[in-house]
Amino acid sequence: MKSNAKVLLICRYKDKFSLKLYKDLKNNFKSVKIFYSKKYNEKITKKILNWEGDYIFSFRSLLILPDFIIKNAKVAAINFHPGPPKYRGVGCLNYALYNDEDYYGVTAHLMKNKIDYGKIIKSNRFKIPSGNLDKILELTHNKLYTLSKEIIYKIKNNKDFIHNSIKSNNEKWSKKIKTKSQLDKFYIINKSISKKKLNIKLRATITKKYKPYLKIHNRKFYYLDEK
């Protein structure tokens, strides 16, 4: 039986896991509105400004919601973060690979008007496999979808789930948080970098869409795979 709770899903545009989550929500809740997030610093539209209901779910969204919108969710506003509590902000997986972590994770937490700041509901870890950044990103987003689906199902069937999960959870956010501008700088390759560090940096930055680069006299020279 579907819940009568009103839901707003804010998710990534043209993202297959976002679409799967939307379908799951429609199967479990009678009233579901969706907003597709497309870019950083995008304008918050009337669709979000005028919404009032019970739950806001944010999945891979680029929006930072102000307090008054978060408070429009009577029960809870929850963000599904593609990283463990150790890695906050933007580019979490990039930094985890650069730091040669063995494990990574995904996290569900209450939303605040600060990035990755609210109380943690649950965090799942998984071993980082071999392979390139695109492959590990795909795995991460799949794990995030699985966690999101689990949390939403439990919320629907247990009104005390959020409160009980937070109360029994010992997870804490790290103090460090990375910004988009810091990630942009991370993609710059220092000309004096060692061969070992270069290989690590390449694995941590190369995707089909983005490439690291050298910057010389304000001109960018992007890395092209010799293969």
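Reckoned from all heavy atoms, side chains included, excluding hydrogens, waters and symmetry mates.
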Take atom [atom1] of [X] as the centre, draw a 6.0 Å sphere, and report whether it contains more than 12 heavy atoms from other residues, nucleotides or ligands.
X: Lys6; atom1: NZ; answer: no
X: Lys26; atom1: NZ; answer: no
X: Asp67; atom1: CG; answer: yes
X: Lys156; atom1: NZ; answer: yes

Given the rule that I, L, V, M, F, W and Y join up when any side-chain heavy atoms are under 4.5 Å apart, are [X] and [Y] in one cluster?
X: Ile70; Y: Val7; value: no
X: Ile44; Y: Tyr13; value: no
X: Phe68; Y: Ile115; value: no
X: Val75; Y: Ile166; value: yes
X: Leu25; Y: Ile34; value: yes

Residue list, ring pair (Phe, Tyr, Trp, His ring centres under 6.0 Å) with Phe17, at least two apart or on another chain: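 Testing Phe17 for ring pair (Phe, Tyr, Trp, His ring centres under 6.0 Å), a comparison that skips the adjacent residues, returns none.
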
Which heavy-atom pair separates [X] from [Y] by the least distance, and what is that distance?
X: Met111; Y: Asn79; answer: CG-N, 3.5 Å
X: Ser61; Y: Ile10; answer: OG-CG2, 3.3 Å
X: Pro212; Y: Thr205; answer: CG-OG1, 3.4 Å
X: Val106; Y: Pro82; answer: CG1-CA, 4.3 Å
X: Leu9; Y: Ser18; answer: CD2-O, 4.1 Å
X: Pro85; Y: Ile120; answer: CG-CD1, 3.7 Å

Below 4.5 Å, heavy atoms only, C-beta onward: do [X] and [Y] meet side chain to side chain?
X: Thr146; Y: Lys149; value: no
X: Ile69; Y: Ile56; value: yes
X: Leu214; Y: Lys191; value: yes
X: Thr179; Y: Val90; value: no
X: Asp100; Y: Ile200; value: no
X: Lys143; Y: Leu147; value: no
X: Asn158; Y: Lys154; value: no
X: Asn124; Y: Glu150; value: yes

Please determine whether side chain to side chain contact (heavy atoms under 4.5 Å, CB included) holds for the pair Asn132 and Lys135, giving the CA-CA distance in whole Å, both sets of side-chain angles, and the decisive distance to 0.1 Å. CA-CA 5 Å; Asn132 60 35; Lys135 176 184 175 181; 3.4 Å; yes

Looking at Phe29, does the NZ or CZ of Lys2 lie under 6.0 angstrom from its six-membered ring centre and within 45 degrees of the ring axis?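 Judged by the rule, Lys2 and Phe29 form no cation-pi pair.
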
For Tyr213, does the six-membered ring have the charged nitrogen or CZ of Lys220 within the cation-pi criterion, i.e. under 6.0 angstrom from the centroid and within 45° of the normal?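 Yes.
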
Interatomic spacing from [atom1] in [X] to [atom2] in [Y] - rounded to 0.5 Å:
X: Ile155; Y: Ile121; atom1: CD1; atom2: CD1; result: 6.0 Å
X: Asn72; Y: Asp54; atom1: CG; atom2: CG; result: 11.5 Å
X: His163; Y: Ser168; atom1: NE2; atom2: OG; result: 9.5 Å
X: Ile151; Y: Phe161; atom1: CD1; atom2: CZ; result: 4.0 Å
X: Asn99; Y: Tyr87; atom1: CG; atom2: OH; result: 4.0 Å
X: Asn41; Y: Leu63; atom1: CG; atom2: CG; result: 9.5 Å

Donor-acceptor under 3.5 Å ([X] side chain, [Y] main chain):
X: Asn142; Y: Glu138; value: no
X: Thr107; Y: Gly83; value: yes
X: Arg203; Y: Gly131; value: yes
X: Arg60; Y: Arg12; value: no
X: Asp116; Y: Ile177; value: no
X: Ser37; Y: Cys11; value: no
X: Ser174; Y: Lys86; value: yes

Salt bridge (charged side-chain N to carboxylate O under 4.0 Å, His left out) between Asp24 and Lys20, intermediate numbers included: CA-CA 6 Å; Asp24 292 333; Lys20 287 176 70 174; over 6 Å; no

Tell me whether the rings of His109 and Trp173 are parallel (<30°), tilted (30 to 60°) or perpendicular (>60°).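 Because their plane-to-plane angle is over 60°, the rings of His109 and Trp173 count as perpendicular.
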
Walk me through it: do Tyr210 and Asn94 pass the test side chain to side chain donor-acceptor pair (under 3.5 Å)? CA-CA 12 Å; Tyr210 299 104; Asn94 303 93; over 6 Å; no

Carboxylate-amine/guanidinium contact Arg125 Glu171, below 4.0 Å: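 Looking at Glu171 together with Arg125, the answer is yes, because their closest N to O distance falls below 4.0 Å.
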
Go through Lys178 and Leu183 one step at a time and tell me if the side chain to side chain contact (heavy atoms under 4.5 Å, CB included) criterion holds. CA-CA 7 Å; Lys178 296 293 188 178; Leu183 180 62; over 6 Å; no

Decide ring pair (Phe, Tyr, Trp, His ring centres under 6.0 Å) for Phe59 and Phe57; before the verdict, give the C-alpha distance in whole Å, the side-chain angles of both, and the deciding distance to 0.1 Å. CA-CA 6 Å; Phe59 184 90; Phe57 297 118; over 10 Å; no

Name all pairs fulfilling the ring-ring contact (aromatic ring centres under 6.0 Å, His included) condition that reach into residues 181-203, sequence neighbours left out, sorted by first residue then second.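 Residue pairs passing ring-ring contact (aromatic ring centres under 6.0 Å, His included), neighbours aside: Tyr95-Phe186, Tyr98-Phe186.
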
Check against side chain to side chain contact (heavy atoms under 4.5 Å, CB included), Ile128 and Leu97: CA-CA 9 Å; Ile128 297 175; Leu97 292 180; 3.9 Å; yes

